[in-house]
Novice: 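Structure in structure tokens, see below.
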Amino acid sequence: QVQLVESGGGLVQAGGSLRLSCAASGRTFSVNRMGWFRQAPGKERVFVAAITRSGGSTYYTDSVKGRFTISGDNAKSTVYLQMNSLKPDDTAIYYCAASTMNVNPTTENGYGYWGQGTQVTVSS
């Protein structure tokens with residue numbers, strides 16, 4: 001089992017920045033990629049960003065490219081999502097997810113472990 005705990009959410013004005021953290025514990029040695037997804041009010045949960053364990057590959061949805069950066073610290077078993085130039089459309093609950101499978105990192109199906117989520121609210 002892998003446990004995930006997100007932190008770093010909050011309220012920020014448009015144009016501001018936040019950094020989300022996701023701390024993993026348990027059988028972290030089995031994790032080969034981690035991702036961030038988000039769910040806006042009344043909408044389905046969607047992919048935001050992902051990173052492989054080695055950090056050699058990162059993936060982003062088009063709407064956050066150039067604004068968000070995903071990174072990882074294997075020693076701390078923690079993944080970060082640096083979010084800059086935030087927009088009201090970025091308002092959502094952000095979920096961290098971990099995968100032990102070698103599947104498409106941009107879809108939910110490949111992730112077997114999920115955090116509780118952290119709220120990000122961007123005011124205009």
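Quick caveat: nothing in here was measured; it's all calculated off a predicted structure. Quick note: numbers below take in every heavy atom, side chains included, and nothing from hydrogens, waters or symmetry partners. For the single chain, residues carry numbers from 1 onward in sequence order.
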Novice: What distance do S85 atom OG and F68 atom CZ have between them, rounded to the nearest 0.5 Å?
Specialist: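 It comes to 9.0 Å.
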
Novice: Taking only distance into account, with no hydrogens and no angle test, what donor-acceptor pairs under 3.5 Å do side-chain atoms of residues 12-22 form with protein atoms, sequence neighbours excluded?
Specialist:
from: S17; atom 1: OG; to: N84; atom 2: OD1; distance (Å): 2.9

Novice: For T91 and P88, indicate whether the former's side chain and the latter's backbone hold a donor-acceptor pair under 3.5 Å.
Specialist: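 Present.
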
Novice: Decide side chain to side chain contact (heavy atoms under 4.5 Å, CB included) for Q39 and V46; before the verdict, give the C-alpha distance in whole Å, the side-chain angles of both, and the deciding distance to 0.1 Å.
Specialist: CA-CA 6 Å; Q39 186 169 21; V46 297; over 6 Å; no

Novice: Do the side chains of F47 and W36 get nearer than 4.5 Å, heavy atoms only?
Specialist: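 In short, these two side chains do not touch, never coming nearer than 4.5 Å.
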
Novice: At what distance, to the nearest 0.5 angstrom, does CG of L4 lie from OG of S25?
Specialist: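 Reported value, rounded in 0.5 Å steps: 7.5 Å.
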
Novice: Is there a donor-acceptor contact under 3.5 Å from the side chain of T78 to the main chain of A23?
Specialist: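 Answer holds: no.
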
Novice: State, to 0.1 Å, how close A92 and R38 come at their nearest heavy-atom pair, and which atoms those are.
Specialist: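 Closest approach of A92 to R38, heavy atoms only: CB-CB, 3.8 Å.
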
Novice: Over all heavy atoms of both residues, which pair between G117 and I93 is shortest? Give the atoms and the distance, please.
Specialist: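 Closest approach of G117 to I93, heavy atoms only: CA-CG2, 3.9 Å.
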
Novice: Which heavy atom of Y94 sits nearest a heavy atom of M83, and at what distance?
Specialist: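 Here Y94 and M83 meet closest at CE2-SD, 3.9 Å.
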
Novice: With the side chain counted from C-beta on, respond yes when C96 and M34 share a heavy-atom pair under 4.5 Å apart, and no when they do not.
Specialist: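 Of all side-chain heavy-atom pairs linking M34 with C96, at least one is under 4.5 Å.
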
Novice: Donor-acceptor pair, distance only, cut-off 3.5 Å: does the side chain of D73 make one with the backbone of K76?
Specialist: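 Side chain of D73 to backbone of K76, a donor-acceptor pair under 3.5 Å: yes, one is there.
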
Novice: Give a yes or no answer on whether the side chain of Y111 reaches the backbone of P105 with a donor-acceptor pair at less than 3.5 Å.
Specialist: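 Answer holds: yes.
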
Novice: Considering non-hydrogen atoms only, spot the tightest contact between A24 and V2 and give its length.
Specialist: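 Residues A24 and V2, closest heavy atoms: CB-CG1, 4.4 Å.
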
Novice: side-chain contact (heavy atoms from CB on, under 4.5 Å) with K65: which of T61, T69, D62?
Specialist: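 Exactly one pass, corresponding to D62.
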
Novice: Determine whether a donor-acceptor pair (N or O, by modelled atom type, separation under 3.5 Å) exists between the side chain of Y60 and the backbone of R67.
Specialist: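 No.
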
Novice: List for me each residue that meets side chain to side chain donor-acceptor pair (under 3.5 Å) alongside D89, sequence neighbours excluded, and say none if there are none.
Specialist: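 Scan of D89 (side chain to side chain donor-acceptor pair (under 3.5 Å), adjacent residues dropped) gives none.
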
Novice: Looking at every non-hydrogen atom in both residues, tell me the closest pair between A49 and L81 and how far apart they are.
Specialist: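 That closest heavy-atom pairing would be CB-CD1, 4.1 Å.
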
Novice: Locate the shortest heavy-atom distance separating N109 from M101; write the atom from each residue and the value.
Specialist: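 Looks like O-CE, 3.9 Å.
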
Novice: Between I51 and R33, is there a side-chain heavy-atom distance shorter than 4.5 Å?
Specialist: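 Counting from C-beta outward, R33 and I51 never come under 4.5 Å.
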
Novice: Is any side-chain heavy atom of E108 closer than 4.5 Å to one of F37?
Specialist: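 Yes, close enough: below the 4.5 Å cut-off.
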
Novice: Under a 3.5 Å distance rule, please check whether T52 uses its side chain to pair with a backbone N or O of S57 as donor and acceptor.
Specialist: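 Side chain of T52 to backbone of S57: a pair is present.
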
Novice: As a quick check of understanding, evaluate salt bridge (Lys or Arg N to Asp or Glu O under 4.0 Å) for K87 and D90, giving each step before the final call.
Specialist: CA-CA 5 Å; K87 306 174 182 179; D90 295 317; over 6 Å; no

Novice: Would you confirm whether Q1, through its side chain, and G26, through its main-chain N or O, come within 3.5 Å as a donor-acceptor pair?
Specialist: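 Here the side-chain-to-backbone pair does not exist.
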
Novice: Is R45 positioned over the aromatic face of Y95, cation under 6.0 angstrom from the ring centre and no more than 45 degrees off axis?
Specialist: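 Relative to the ring axis of Y95, which defines the angle, R45 lies inside both limits.
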
